[in-house]
K.L.:
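The structure is given below, and queries will be raised subsequently.
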Amino acid sequence: MKFTLTAKDKGSAARAGVFTTDHGEVHTPIFMPVGTVGSVKGVYHKDLKEDIKAEIILGNTYHLYLRPGLDTLRKVGGLLRFESWGRPILTDSGGFQVFSLPQIRKITEEGCRFQSHIDGSRHMFTPENNVDTQRAIGSDIMMALDECCPGDADERYAAKSLKLTQGWLERYFKRFCETDPLYGYDQAMFPIIQGCVYPELRKRAVDHALTLVGDHPGVGGFAVGGLAVGEPTEQMYEMLEVVCPILPENKPRYLMGVGTPANILEGIARGIDMFDCVMPTRNGRNGMLFTWNGIMNMRNAKWQDDFSPLDPSGTSFVDHEYSKAYLHHLFVAKEMFAAMVASEHNLAFYHDLVREARKHIEAGDFSSWKDETVRRISSRM
RNA sequence: GUGCGAUUAGUUCAGUUGGUAGAGCACCAGAUUGUGGUUCUGGGUGUCGUGGGUUCGAGCCCCACAUCGCACC
C-alpha cells in the first residue's frame with residue numbers, strides 16, 4: 001500500500017493525499033462507511049459507488065468470523081468477492097466488539113475469550129489467529145488486535161491496558177510478517193495507538209509502535225484508537241494533538257470510530273486522514289439526518305407538511321427526489337425505505353464533507369473554512 | 001321492550017375500606033461515535049359518558065338519562 005501526500009494546509013495540520021491498494025485508490029481525507037457483516041446496511045453497492053462515491057468500506061472480523069465463518073470466506077475467495085464490492089475493504093479486528101458488546105468475556109495476556117452474541121458459543125481471539133482470520137477475510141487493510149480502554153479509565157488501568165495492547169501488537173506484527181495473503185493481492189496492516197486520555201501513555205504507544213514496525217512496507221498506516229469512548233470531546237482533540245505530530249508524515253492516520261461531522265473536521269485539522277463511524281447509517285436508520293445546515297430529526301412532527309426537497313444543498317439523488325414530509329412519513333410508518341433513504345443521504349453528506357475539506361486543504365484555506373462550517377453543521381434544524 | 005354488563009389519556013385497560021387518577025402501546029422531545037435494523041432517557045397529553053343526589057370530600061355509593069355490547073321477549 002502506497003501513500004502520497006499531495007497537499008498540506010497552511011493554517012493547520014490538515015493534509016490531503018492518496019493511497020493505492022490492489023483494489024483501487026483512496027483519496028484522503030476519507031470517510032469509510034461501515035459494513036460490519038458484509039454490507040453497508042440498506043445501501044446498494046451501485047449507490048455507494050455512483051451516488052455516494054465511496055472509495056473504501058469496512059468489514060468486521062468479529063462478526064464475519066462468527067457468520068458466515070472462515071470456511072465459507074476461504075471457499076469463495078474472501079469478502080471482496082463474496083459481497084461483490086470490488087473496491088478496497090478495511091477490517092477491524094474485533095477488539096472493539098469484545099470491548100463494547102455486553103457479553104461474557106475475559107481478556108488475558110494470551111488474548112480475549114468471548115461468547116458469541118448469536119449462539120453463546122465460546123471463542124478466543126489471539127493476535128496470531130486474528131491475523132489468520134483477517135487473511136481469510138482478505139481485507140486490503142487489516143487492523144491490529146487491541147484492547148479498547150474506556151475513556152474514563154484511571155491512568156493506572158490505562159497503563160496496564162496499553163501494555164497488553166503493545167504485547168498483542170508485537171505478536172500480531174510477527175504473525176503478519178510470517179504469513180502471506182491468501183488470494184493473490186496485497187494486504188497492509190495498521191497498528192493501533194492506545195493510551196486513553198494520558199499524553200505520556202499516548203507518546204509511549206507511538207514510540208513502541210514505531211520502534212516495532214520500523215519502515216516495514218506491510219505497515220500501511222497508523223490508527224488512533226480508544227477515543228470517542230466516553231471522554232470529553234476536548235480531550236479527544238488534545239490526544240490527536242499529542243499523537244499526530246509524532247507519527248510518520250508519509251503514512252495515513254486513521255481515527256477509529258469517529259464521528260460527528262464536526263469531529264471529522266476537527267480531526268482533519270489535527271492531521272487525521274481516515275475516519276469511520278456508524279453514525280451516518282445507524283443514526284440515519286433512526287431518523288437523524290446530517291446536512292450542511294445542521295442536524296434534522298426526521299421523526300419530529302415539524303416535518304409533517306414540509307414538502308420541500310429533503311436537502312436542497314445535498315448531492316445525492318434522494319435529496320432532490322424526496323421531500324422532508326415524505327421521509328417523515330416513512331419514519332412514522334416504520335418503512336424500511338426510510339432507513340435506506342436516510343443512510344443514502346447521510347453517507348453522501350459525509351463524503352461531500354471530506355471532499356470539500358480536501359478542496360480547502362488544496363486551496364490552503366482549510367482552517368477558516370472549517371471553523372465556519374463546524375458552527376453551521378452542528379446546529380439543529 | 002326487559003334483564004345484565006360496560007363507559008377513566010389518542011388507544012387498550014388498572015384504580016384498594018370514598019381522600020380531586022395510573023400503566024402498556026401510541027404520541028411529543030432528547031441521547032446514540034472501530035453497528036445486535038436498535039437501545040436508553042425525559043414528558044401525562046384527562047369535563048373519570050351526561051345530569052342530579054348523599055357526603056367535609058365521589059372515578060368509586062344512590063337516582064335518572066345517553067351510548068355500546070350480550071342475553072331474553
Side-chain angles (χ1 to χ4, degrees), chain A residues 31-43 56-64 66-67 89-103 114-120 130 134 139 141-151 165 190-194 222-233 235-237 253-264 266-267 272 274-288 290 295-304 328 330-340 342-343 346-347 350 380:
Chain A
F31 179 78
M32 307 181 285
V34 178
T36 310
V37 293
S39 95
V40 176
K41 294 183 193 297
V43 184
I56 175 171
I57 63 176
L58 260 66
N60 187 277
T61 302
Y62 167 85
H63 290 278
L64 293 165
L66 290 177
R67 203 163 48 188
I89 287 182
L90 179 152
T91 43
D92 186 24
S93 66
F96 185 76
Q97 275 57 46
V98 175
F99 152 82
S100 65
L101 293 177
Q103 62 202 346
F114 58 92
Q115 275 186 271
S116 161
H117 68 282
I118 299 164
D119 62 5
N130 200 261
Q134 293 189 70
S139 47
I141 298 175
M142 307 164 39
M143 300 306 299
L145 183 69
D146 65 338
E147 189 197 10
C148 184
C149 183
T165 290
F190 279 41
I192 302 174
I193 305 302
Q194 287 287 347
F222 293 86
V224 185
L227 291 175
V229 287
E231 81 288 357
T233 306
Q235 282 193 320
M236 168 165 83
Y237 297 154
R253 303 154 187 167
Y254 166 27
L255 176 55
M256 304 185 75
V258 173
T260 64
N263 290 160
I264 288 175
E266 296 295 353
I272 296 292
M274 303 161 66
F275 302 85
D276 81 280
C277 192
V278 303
M279 204 172 264
T281 41
R282 183 201 280 160
N283 289 24
R285 281 199 301 281
N286 292 296
M288 188 182 288
F290 300 94
I295 297 163
M296 296 194 277
N297 181 350
M298 297 314 298
R299 288 194 317 258
N300 286 171
K302 66 203 262 193
W303 307 118
Q304 170 89 32
H328 168 77
L330 294 177
F331 271 111
V332 170
K334 299 191 193 322
E335 282 293 306
M336 68 168 86
F337 190 46
M340 295 171 64
S343 298
N346 279 346
L347 287 176
Y350 267 62
R380 296 203 140 264

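Sequence lines set the chain letters: A, B, ... in the order given, protein chains first and strands last, and positions in each chain run from 1.
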K.L.:
On a whole-Å scale, what distance lies between the C1' atoms belonging to U8(B) and A21(B)?
P.N.:
8 Å
K.L.:
Quick check, are the ring centers of F114(A) and Y62(A) under 6.0 angstrom apart?
P.N.:
yes
K.L.:
Between G36(B) atom P and R282(A) atom CZ, what is the distance in whole Å?
P.N.:
6 Å
K.L.:
In whole Å, I'd like the distance from the CG atom of N263(A) to the P atom of U32(B).
P.N.:
10 Å
K.L.:
Search all heavy atoms of C148(A) against all heavy atoms of F96(A) and return the closest pair with its distance.
P.N.:
SG-CD1, 3.8 Å
K.L.:
Do you know the tightest heavy-atom contact between M340(A) and G42(A)?
P.N.:
CG-O, 3.4 Å
K.L.:
For atom C1', what is the distance between C61(B) and U17(B), given to the nearest Å?
P.N.:
12 Å
K.L.:
List the atom of T61(A), the atom of N130(A), and the distance in Å for their closest heavy-atom pair.
P.N.:
CG2-ND2, 4.0 Å
K.L.:
Which one is paired to G69(B), where only Watson-Crick or G-U wobble pairs with both distances under 3.5 angstrom count?
P.N.:
C4(B)
K.L.:
Looking only at side chains, do Q134(A) and T91(A) share a donor and an acceptor under 3.5 Å apart?
P.N.:
yes
K.L.:
5'-most contact on RNA chain B: T260(A) or E335(A), nearest heavy atom basis?
P.N.:
T260(A)
K.L.:
When the C1' atoms of C28(B) and A9(B) are compared, how many Å lie between them, rounded to an integer?
P.N.:
14 Å
K.L.:
With rounding to the closest Å, how many angstrom separate the C1' atoms on U45(B) and U38(B)?
P.N.:
27 Å
K.L.:
If you look at every strand shown and take non-hydrogen atoms under 4.0 Å, does M336(A) touch a base, only sugar-phosphate, or nothing?
P.N.:
base
K.L.:
Roughly how many Å apart are U39(B) and C25(B), using the P atom of each and rounding to a whole number?
P.N.:
11 Å
K.L.:
Does G42(B) have a Watson-Crick or wobble partner in any strand here, with both distances under 3.5 angstrom, and which is it?
P.N.:
C28(B)
K.L.:
Could you work out the separation of U20(B) and C65(B) based on their P atoms and round it to a whole Å?
P.N.:
31 Å
K.L.:
Round to the nearest Å and state the distance from R285(A) atom CZ to U39(B) atom P.
P.N.:
12 Å
K.L.:
Quick test: give all pairs of protein nitrogen or oxygen and nucleotides 26-31 of chain B nitrogen or oxygen below 3.5 Å, distance rounded to 0.1 Å.
P.N.:
unit_1: A29(B); atom_1: OP1; unit_2: A301(A); atom_2: N; d: 3.2
unit_1: A29(B); atom_1: OP2; unit_2: N300(A); atom_2: ND2; d: 3.4
unit_1: A29(B); atom_1: OP2; unit_2: A301(A); atom_2: N; d: 3.3
unit_1: G30(B); atom_1: OP2; unit_2: N297(A); atom_2: ND2; d: 3.2
unit_1: G30(B); atom_1: OP2; unit_2: N300(A); atom_2: OD1; d: 3.4
unit_1: G30(B); atom_1: OP2; unit_2: N300(A); atom_2: ND2; d: 3.2
unit_1: A31(B); atom_1: OP1; unit_2: R380(A); atom_2: NH2; d: 3.2
unit_1: A31(B); atom_1: OP2; unit_2: R380(A); atom_2: NH2; d: 2.4

K.L.:
On RNA chain B, check which nucleotide each of A339(A) and F96(A) is closest to and give me the residue with the more 5' one.
P.N.:
F96(A)
K.L.:
Tell me what D276(A) touches on the nucleic acid: a base, only sugar-phosphate, or nothing, going by heavy atoms under 4.0 Å.
P.N.:
sugar-phosphate
K.L.:
Applying the Watson-Crick and G-U wobble criteria at under 3.5 Å, what pairs with G34(B)? Answer none if nothing qualifies.
P.N.:
none
K.L.:
Rounded to whole angstroms, how far apart are CG on N346(A) and P on U32(B)?
P.N.:
14 Å
K.L.:
Once you apply a heavy-atom cut-off of 4.0 Å, does I118(A) come out as touching a base, just sugar-phosphate, or nothing?
P.N.:
nothing
K.L.:
Using modelled atom types and a 3.5 Å cut-off, is there a donor and acceptor pairing between side-chain atoms of T165(A) and backbone atoms of D146(A)?
P.N.:
no
K.L.:
Calculate the interatomic distance between N283(A) atom CG and G37(B) atom C1'; express it in whole Å.
P.N.:
13 Å
K.L.:
Between the side chain of E231(A) and the main-chain N/O of V229(A), is any donor-acceptor distance below 3.5 Å?
P.N.:
yes
K.L.:
Suppose you measure atom P in U41(B) against the same atom in U47(B); what distance do you get, rounded to whole Å?
P.N.:
29 Å
K.L.:
Write down the distance between CG (L255(A)) and C1' (G34(B)), rounded to a whole number of angstrom.
P.N.:
10 Å
K.L.:
Take atom CG of D92(A) and atom P of U33(B), then tell me their distance rounded to the nearest Å.
P.N.:
15 Å
K.L.:
Has the side chain of N60(A) got a donor or acceptor atom that lies under 3.5 Å from a matching backbone atom of D92(A)?
P.N.:
no
K.L.:
What does A9(B) pair with, Watson-Crick or G-U, if both distances are under 3.5 Å?
P.N.:
none
K.L.:
N60(A) CG to G37(B) P: how many Å, rounded?
P.N.:
12 Å
K.L.:
Which nucleotide, G36(B), G34(B), G37(B), lies nearest any side-chain atom of K41(A)?
P.N.:
G37(B)
K.L.:
Select one nucleotide: of G34(B), U33(B), G36(B), the one nearest the side-chain heavy atoms of C148(A).
P.N.:
G34(B)
K.L.:
Remember a base hit wins even if backbone is also touched, and classify G94(A) as base, sugar-phosphate or nothing at under 4.0 Å, heavy atoms.
P.N.:
nothing
K.L.:
Can you tell me if H328(A) uses its side chain to pair, donor with acceptor, with the backbone of A301(A) under 3.5 Å?
P.N.:
no
K.L.:
Using the C1' atom in both, what is the distance from G44(B) to G53(B), to the nearest Å?
P.N.:
32 Å
